[in-house]
Amino acid sequence: MQNVQSSERRRFLLGAATLAATVALLGVAPSGAEEGLTPEQVLNDPDAPAVGAKSPDITIAEFMDYNCPYCRKSHPELLKLLKSDGKVRVVYKDWPVFGPVSEYAARMAIAAKYQDRYAAAHDALMSAPKRYQRNEEVRAVLTKAGIDMARLDRDATVHKADIDRLIARNGQQAETIGFQGTPSWLVESFVVFGGLTYNDMKEAVAEARRRKKDAAKGK
């Protein structure tokens with residue numbers, strides 16, 4: 001499912017693919033997808049875990065899978081961006097497209113938010129050197145990260161319906177936008193595909209700020 005793009009291709013996409021244009025090109029939204037999807041619905045989902053600035057000027061949504069090697073490769077680059085730019089917020093969109101173990105990892109990560117440990121769970125799961133083959137491998141990583149596993153299991157059960165809805169909503173949003181694989185990104189109002197370097201991310205943020213400035217001037 002991963003969609004690797006060259007730097008030149010990514011730069012083209014930064015200038016060419018707004019969310020509105022992408023949805024329009026889809027014609028008919030996929031079955032069950034959200035009609036009239038807006039960037040605000042994607043970027044400001046109150047149930048989606050987020051990290052970074054509390055009062056951001058730029059919000060990035062990352063659609064990702066813990067078994068995606070390009071997601072894992074991009075993760076330290078994203079952390080570097082958050083550390084260097086105090087006005088960026090990242091919303092994590094768990095989109096498990098690599099099978100049952102990926103889905104299990106996504107569910108466990110989301111369940112960790114109920115003990116305020118989503119970021120710790122996410123960072124740990126993204127740090128794995130290889131693909132998760134079994135649920136037990138996911139659990140081992142979370143245990144090592146200091147997640148309360150007994151509570152995690154309880155929260156995964158108690159909040160199952162909410163977790164189901166969030167994962168389904170993430171998937172519907174990804175399909176409506178037209179994403180083909182992970183990682184895929186919504187940077188304010190435009191989309192970027194594939195694994196990104198720190199410099200790619202800085203370029204995307206700069207482009208988003210330029211667009212917002214132009215919009216404020218009525219251009």
Side-chain angles (χ1 to χ4, degrees), residues 1-2 29-52 59-72 74-75 78 89-128 130-186:
M1 291 288 293
Q2 58 265 40
S31 176
E34 298 181 40
E35 296 287 344
L37 184 67
T38 66
E40 287 72 25
Q41 288 174 305
V42 179
L43 300 173
N44 297 310
D45 186 330
D47 296 324
V51 296
T59 298
I60 300 170
E62 180 192 7
F63 289 77
M64 49 74 194
D65 182 307
Y66 294 110
N67 265 333
C68 167
Y70 298 98
C71 297
R72 293 200 298 269
S74 296
H75 185 61
L78 183 60
R89 171 175 171 263
V90 174
V91 179
Y92 289 124
K93 298 284 187 172
D94 287 273
W95 185 29
V97 295
F98 280 84
V101 179
S102 288
E103 182 172 345
Y104 180 80
R107 289 180 181 281
M108 292 297 100
I110 295 170
K113 76 175 185 176
Y114 297 102
Q115 55 180 283
D116 296 323
R117 298 302 306 279
Y118 177 90
H122 178 85
D123 290 346
L125 290 170
M126 279 296 178
S127 299
K130 61 181 182 179
R131 181 170 180 166
Y132 298 104
Q133 301 287 345
R134 298 178 296 117
N135 292 351
E136 289 76 14
E137 295 171 358
V138 173
R139 296 184 66 83
V141 168
L142 295 175
T143 299
K144 186 176 181 180
I147 306 299
D148 182 336
M149 298 304 291
R151 178 171 178 182
L152 188 72
D153 290 335
R154 289 196 301 272
D155 286 335
T157 299
V158 171
H159 300 285
K160 181 179 183 302
D162 291 330
I163 294 170
D164 287 347
R165 282 191 288 268
L166 179 58
I167 291 176
R169 187 158 67 249
N170 290 344
Q172 289 172 354
Q173 290 175 353
E175 291 175 11
T176 300
I177 295 168
F179 290 148
Q180 299 295 312
T182 56
S184 292
W185 318 75
L186 178 65

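For the numbers below, each heavy atom of this structure counts, side chains included, while hydrogens, waters and symmetry mates do not. For the single chain, residues carry numbers from 1 onward in sequence order. Quantities reported herein were computed from a predicted structural model and do not represent experimental measurements.
Under the side-chain contact (heavy atoms from CB on, under 4.5 Å) criterion, A150 pairs with D148, R154, not counting sequence neighbours. For R134, the salt bridge (Lys or Arg N to Asp or Glu O under 4.0 Å) criterion is met by E136, E137, not counting sequence neighbours. With sequence neighbours left out, the ring-ring contact (aromatic ring centres under 6.0 Å, His included) criterion links Y104 to no other residue. Qualifying side-chain contact (heavy atoms from CB on, under 4.5 Å) partners for V101, counting only residues two or more places apart in sequence or in other chains: N67, Y132, N135, V138. Considering only residues two or more places apart in sequence or on other chains, R107 meets the side chain to side chain donor-acceptor pair (under 3.5 Å) condition with E103, D164. Contacts of V158 classified as side-chain contact (heavy atoms from CB on, under 4.5 Å), with partners at least two apart in sequence or in another chain: none. Partners of N44 by side chain to side chain donor-acceptor pair (under 3.5 Å), not counting sequence neighbours: none found. In this structure H75 satisfies the side chain to side chain donor-acceptor pair (under 3.5 Å) test together with D123, sequence neighbours excluded. Annotation: side chain to side chain donor-acceptor pair (under 3.5 Å) contacts of R131 (sequence neighbours excluded): none. Every residue meeting the side-chain contact (heavy atoms from CB on, under 4.5 Å) condition with A120, not counting sequence neighbours, appears here in chain and number order: R117, I147.
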Side chain to side chain contact (heavy atoms under 4.5 Å, CB included) between V91 and D45, intermediate numbers included: CA-CA 9 Å; V91 179; D45 186 330; 5.7 Å; no

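Annotation: the span from T38 atom OG1 to Q173 atom CD amounts to 9.0 Å, rounded to 0.5 Å.
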